[in-house]
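Single-structure report; data block below.
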2 protein chains.
Amino acid sequence: MSETYGIAELAREFDVTTRTIRFYEDKGLLSPARKGQRRIYTPRDRVRLRLIMRGKRLGFALSEIRELIDLYDVDPSEVTQLRHFLEKIRERKAALEVQQGDIAETLEEMQRIESQCSAMLSEKQKTKSS
Amino acid sequence: MSETYGIAELAREFDVTTRTIRFYEDKGLLSPARKGQRRIYTPRDRVRLRLIMRGKRLGFALSEIRELIDLYDVDPSEVTQLRHFLEKIRERKAALEVQQGDIAETLEEMQRIESQCSAMLSEKQKTKSS
DNA sequence: ACGGACGTTGACGTTAACGTAAAGTAAGCC
DNA sequence: GGCTTACTTTACGTTAACGTCAACGTCCGT
């Protein structure tokens with residue numbers, strides 16, 4: 001049980017280079033165990049990497065992704081910390097909701113353009129076949 | 001009629017520096033008219049700038065944003081171009097839909113964490129006031 | 001005619017996110 | 001032992017997206 005992965009294995013799975021994975025470690029986004037000198041990744045590390053990739057697709061900087069991921073891990077015991085924490089989460093949520101709106105708008109416009117284009121296309125082809 | 005804007009004006013409105021706006025011009029994202037040496041921006045340029053900012057919020061590179069914007073402007077008269085064009089649009093749509101999914105997931109998780117946190121918070125405060 | 005606001009074009013600096021090359025280590029196979 | 005394969009650290013290179021001067025033009029109010 002408790003499967004582990006090598007660095008190249010993960011690199012293949014997520015389609016990044018090993019350099020990239022090590023770079024993320026350097027930035028504190030991952031901290032795999034070591035067996036001698038080599039890195040050993042647990043399923044938990046793998047999840048983190050998945051989260052990193054999702055963050056990247058959302059256009060977050062690595063520093064922000066780190067904060068995001070920490071949100072899942074940290075257990076803020078003090079009330080003050082808890083408040084601060086909640087605030088961070090709400091900031092993130094707000095940002096994401098803005099993004100959601102942006103995407104919706106853009107998708108609508110793309111949709112419009114696509115319809116227009118395919119209309120033009122079928123128009124041209126009618127002409128051609130007439 | 002037909003209002004125009006100065007570079008600093010737009011910079012203020014979109015909260016970027018004039019350097020940034022000129023940089024976008026350099027990259028072919030904007031091409032304002034000139035009055036002598038100075039740049040004159042039309043409402044149309046302003047719309048483009050708005051699109052650029054939205055693209056940035058969505059995590060696109062400037063080069064991609066340029067392609068995106070061009071989608072609104074270009075009128076592909078040839079059928080081959082039209083097809084190519086449609087394909088591009090569909091690629092973009094697909095990417096955006098992935099992003100949409102990513103955001104939805106992330107938002108759900110944030111939501112969960114937030115609920116948990118605010119539960120913990122009110123719990124702590126009950127204890128405190130008892 | 002002068003200062004100040006606003007604008008211009010270079011040109012070099014900076015940060016993030018890796019790429020790439022060099023040189024060495026460790027394990028397994030034949 | 002020698003080869004291969006996978007991995008390591010160290011270090012310099014690169015690209016995108018600007019920031020930051022420097023040095024100069026132009027218009028406007030006083």
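Per chain, numbering begins at 1; letters A, B, ... match sequence-line order. Bear in mind the structure is a predicted one, so any value in this text is a computation, not a measurement.
In this structure, A:I65 places its CD1 atom 8 Å from P of C:dA17, rounding to the nearest Å. Between A:D15 atom CG and C:dG19 atom P there is a gap of 11 Å when expressed in whole angstrom units. In this entry the distance linking CD of B:E64 with C1' of D:dT15 reads 14 Å, nearest Å. One interatomic measurement links the two molecules: OH of B:Y24 to C1' of D:dA16, which rounds to 11 Å at whole-angstrom precision. When the P atom of D:dC18 is taken as reference, atom CD1 of B:I7 falls 14 Å away, rounded to whole Å. For B:L30 and D:dA17, the CG to P distance is 14 Å, given to the nearest whole Å. The nearest whole Å value for the distance from the CZ atom in A:R66 to the P atom in C:dA16 is 13 Å. Note: NZ (A:K35) to P (D:dT8) measures 12 Å, nearest angstrom.
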Handout entry: Verdict with reasoning, B:R22 to B:D26, per side chain to side chain contact (heavy atoms under 4.5 Å, CB included)
Key = CA-CA 6 Å; B:R22 280 194 280 270; B:D26 231 53; over 6 Å; no
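For A:S63 and C:dA16, the shortest distance from a side-chain N or O to OP1 or OP2 is not below 4.0 Å. One finds a side-chain N or O of B:T20 lying less than 4.0 angstrom from the OP1 or OP2 phosphate oxygen of D:dG19.
Within 4.0 Å (heavy atoms only), B:T18 reaches no atom of the nucleic acid at all. Counting non-hydrogen atoms under 4.0 angstrom, A:K56 reaches the backbone sugars and phosphates but no base.
Each of A:R38 and A:K27 was matched to the nucleotide of DNA chain C holding its nearest heavy atom; the match closer to the 5' end belongs to A:K27.
For the pair A:Q81 (side chain) and A:E78 (backbone), a donor-acceptor distance under 3.5 Å is absent. Using a distance-only test at 3.5 Å, with no hydrogens or angles considered, a donor-acceptor pair links the side chain of B:Q99 to the main chain of B:L58.
Residue B:L62 places its side chain closer to D:dC18 than to any other of D:dC18, D:dG19, C:dC18.
B:L30 pairs with exactly one of B:R39, B:R48, B:R46 by the side chain to side chain contact (heavy atoms under 4.5 Å, CB included) rule, that one being B:R48.
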Could I get a table of every N or O pair under 3.5 Å where one atom is in the protein and the other is in nucleotides 9-11 of chain C?
from, atom 1, to, atom 2, distance (Å)
C:dT9, OP1, B:R34, NH1, 3.0
C:dT9, OP1, B:R34, NH2, 3.2
C:dT9, OP1, B:R39, NH2, 3.3
C:dT9, OP2, B:R39, NH1, 2.7
C:dT9, OP2, B:R39, NH2, 2.6

